[in-house]
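Working notes for the structure below.
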Amino acid sequence: MLKQILIADDSESIREVLAFSLTNAGFQVLVAIDGADALRFFDGRTIDLLLTDFHMPNMNGLELIGRVRELEHYKYIPILVLTTENQKSIIQNAKDAGATGWLLKPFNTEKLIQTLRKVIR
Amino acid sequence: MILFQERFKEEVKEYFERLETGLLLLEQDTENFQAIDEIFRIMHSMKGSGGMFGFDLLSDVTHDLESLYDIFRTKKMPINSEVISFTLNAIDGLHHLLIQEPTEEHHLMAQKMKAETQLLIGKLIPSVEKMNEKDGPDNRTTDLKVTTDNQTTYFISFKPDENIFENGTNPLYLIDELNALGECNIQTFFDLLPELSKINPTKCYTSWEMFVATAEELDTLHDVFIFVSEKARIEIEKVATGNMIHNESILAGFLNSRLNKETWTATEQPTVEENIEDEISTNEEIQESPVEINQPEKGLKINSLPTTTVDSIRVDSQKIDQYMNLVSELITAQSRLELVSSEIHHSDLEIVTETLDKIGRQLRENAFEMSLIPLQSIAVRFKRLIHDLSKTLEKKVELVTEGLETELDKNIIEKLVEPLLHIIRNSLDHGIESTEERIAKSKNAVGTITIKASTVGSYVQIEISDDGAGLNPKKIRDKAISKGLISEQDILTENEIINLVFEPGFSTSELVTDVSGRGVGLDVVRRKVQEMRGTIKITSEPDRFTMFILKLPLSLSIIDGLLTRVGGYYYVIPSSGIKKIYDVNQQLLKNDFRQVVELEGNQIPYLNMHQEFEQESDLPENQIVVTVSFENQVFGLIVDEVIREYQAVIKPLGKLLNAQDIFSGASILGNGQLALVLDTNKIIQEYS
């Protein structure tokens, strides 16, 4: 079965690039427009990876990660934070909240897949 | 990526509007942190995405703007008007930077914007904190000069914390990643594994040691563990230059020195020693089979996938145009079918034709509704203009809007922006008085501009009014006379007089101001509105108000009309202008040489289209007058025959026909013939 990846980002173009690249790389993609929207998807279905933006309206990435980590079914799924902030503090916050890793913008497809391979097959 | 660049541009334009909305909110409440947050987020998004899609300058400038807003955001500092104005200006600048191949000028502009932003940041924080990010997200060993051509052998020890699964890491993937970097010799340690009954499946008890021969730099190896640097003990050491993965003596030598905590000097040349086989046996317990780590979420799947509903989707406007086009082709084909069907007289065919006709109409309606967008979508530009202008003119103005949810064809909306902005500019500049003047007139010191929209039949009416000085008919009349637009003797109603402001070459303000006196007058506004088959009127009461009333068709591409024939050709007269239809015979027309026909006691000027367009063939004995009206003027169009009502899908005429303006387009009839669509307003202006 194809691995299912949930994307949460408030930028439509980023969502599209991600969805396009990931679909091409053989993943199944779910798309959410913000944190609150993303949380809806954690309803029991299989989500193999969450790829979330940091700054989003209606629940930011940090809160989303925290909430997902509280969910029994999704406690251990890999979560990547999509961010331009390569300041340590922000990545640290994300990690403290339970993020597995991060993906820095700008990224190309190659880098995206390479990063993904660290946490999902 | 190119695929997404256009989409990104669209998105940025949306961002700009949201930014402007946010800034205008901040103007009213400088402590609206929600708005500050939103602006910060948008800047952040533009920065990130801009870089991805190749808009580097945009990304660069928004980076600093983001930092600027980060200060207000994190310090919970109210914003000030200087920053608001600055940002509004910056948005204008960003418009220009939304290009992929910037010129020198763009670079300079970006630099200037950055410098200004940093200056502002500097002002806000006395000791400017370094907002600039460092390159690396993590501690990185400084450059080790390793040539990429040659491989190097490294030793890696990877001891994950037992709770490493908690953040979603699967250590095996990291091992796999290393494996992909070069040749590996991996050994797994289970020495921490407790007895079965004590195993907690959510904990990690395994650790690894491996040799990797790779052409990659040391940094790349560290990068493999970048996500787990705090959740594992990682040691990476250089063993030797070159691929030593099969040289057991070196590997064993390294392990031995490690065991004895000796410092290992990376071997530069392979040393051939055969005497350390004993030591290798010390690692006998090492097992080579890879470990299966349970992924805890497996087995917890619930197979119900609730459906999610999507309220709206975005569609490329080009696709909508294409869709509209196809629908219009379908309607044309359908008309043809109707024609064929009426010749064949087959009852089954007729039923199908009728059904198709019904569906075609519904489809048309549907396509039409799809291309409608609310006026609201351009409202932010009005707000922005009023904000900017009221500053420049030092007038206090409030904008009141009503019914902006009214929808119009997107093509009309696009064309409407300029005329509406012009009218608002006019109202602010000429209509609304200065604050002192208003107080002297005992009016509210704050002027009001009202934009009201509503749907009236197949038209949308937009009223733009200001509660300013109003128009002075006497002044306008004098001016019109002095400009030679009318003569002293002309008797005009007040209403006619004030509508003279739409005449070319008319400008009421004695001072040509920077704001509306740009050489573009209201005549251009009227022309643009008329191009959209709309009308514009003005009403006013001195010292009370001036109101512009625009009437616009809902759509440009489909109209209801009357299909008529003149000689061997067809013409469509749009229903919107039609008043009545009369039979006339030549006697009645020939009697009058002033080109007026008497109908119901009224003398009506007319154009005999047969005479005008069909001089070869003789005038038929009986003709038909279709009366049309425009701005209270009634005019007769004389055609040979009225065929039926007709829904015309208008196609533009080619470039070669641009010189004329009495035909607004053409429509293809079901029988494949062409029908020209008359622009009755233009005909009335030109022939009466």
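A note on names: the letters A, B, ... follow the listed sequences, proteins ahead of strands, and every chain is numbered from 1.
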Problem - Under 4.5 Å from a heavy atom of chain B, the part of A/Arg117 involved - result: backbone
Fill in the blank from the handout: In terms of heavy-atom contacts, B/Glu166 and A/Arg69 come closest through O-NE, 3.4 Å
Completion exercise
Cut-off 4.5 Å, heavy atoms of chain A, and the answer for B/Val224 is both
Handout entry: A/Lys75 portion near chain B, given a 4.5 angstrom heavy-atom threshold
Key = backbone
Problem - Neighbour count above 12 (heavy atom, 6.0 Å) for B/Glu14 CD - result: yes
Handout entry: Centroid-centroid under 6.0 Å between B/Phe55 and B/Phe8 rings
Key = yes
Exercise for the section: Give a yes or no on whether a salt bridge exists between B/Lys231 and B/Asp161, defined as a side-chain N under 4.0 angstrom from a carboxylate O. Expected result: no
Problem - Portion of B/Thr169 that has a non-hydrogen atom of chain A nearer than 4.5 angstrom - result: both
Problem - Most contacts with chain B, counted as non-hydrogen pairs under 4.5 angstrom, among A/Lys105, A/Gln114, A/Met56 - result: A/Met56
Problem - Whether over 12 other heavy atoms sit under 6.0 Å from B/Arg73 CZ - result: yes
Problem - B/Asp64 and B/Gln118: side chain donor to acceptor below 3.5 Å - result: yes
Handout entry: Contact leader toward chain A among B/Glu10, B/Met46, B/Arg41, where contacts are heavy-atom pairs under 4.5 Å
Key = B/Arg41
Exercise for the section: Could you tell me which portion of B/Glu11 (side chain, backbone, both or neither) has an atom closer than 4.5 angstrom to a non-hydrogen atom of chain A? Expected result: side chain
Practice task
Under 4.5 Å heavy-atom distance to chain B, tell me which part of A/Leu80 shows up: side chain, backbone, both or neither.
Solution key: side chain
Handout entry: B/Lys203 to B/Phe165, cation-pi by 6.0 Å centre distance and 45° axis angle
Key = no
Fill in the blank from the handout: If you tally heavy-atom pairs under 4.5 Å between each of B/Gly51, B/Ser45, B/Ser49 and chain A, the highest tally belongs to B/Ser49
Fill in the blank from the handout: Looking only at B/Asp37, B/Ile164, B/Asp176, B/Val228, the option with the highest number of non-hydrogen pairs under 4.5 Å against chain A is B/Asp176
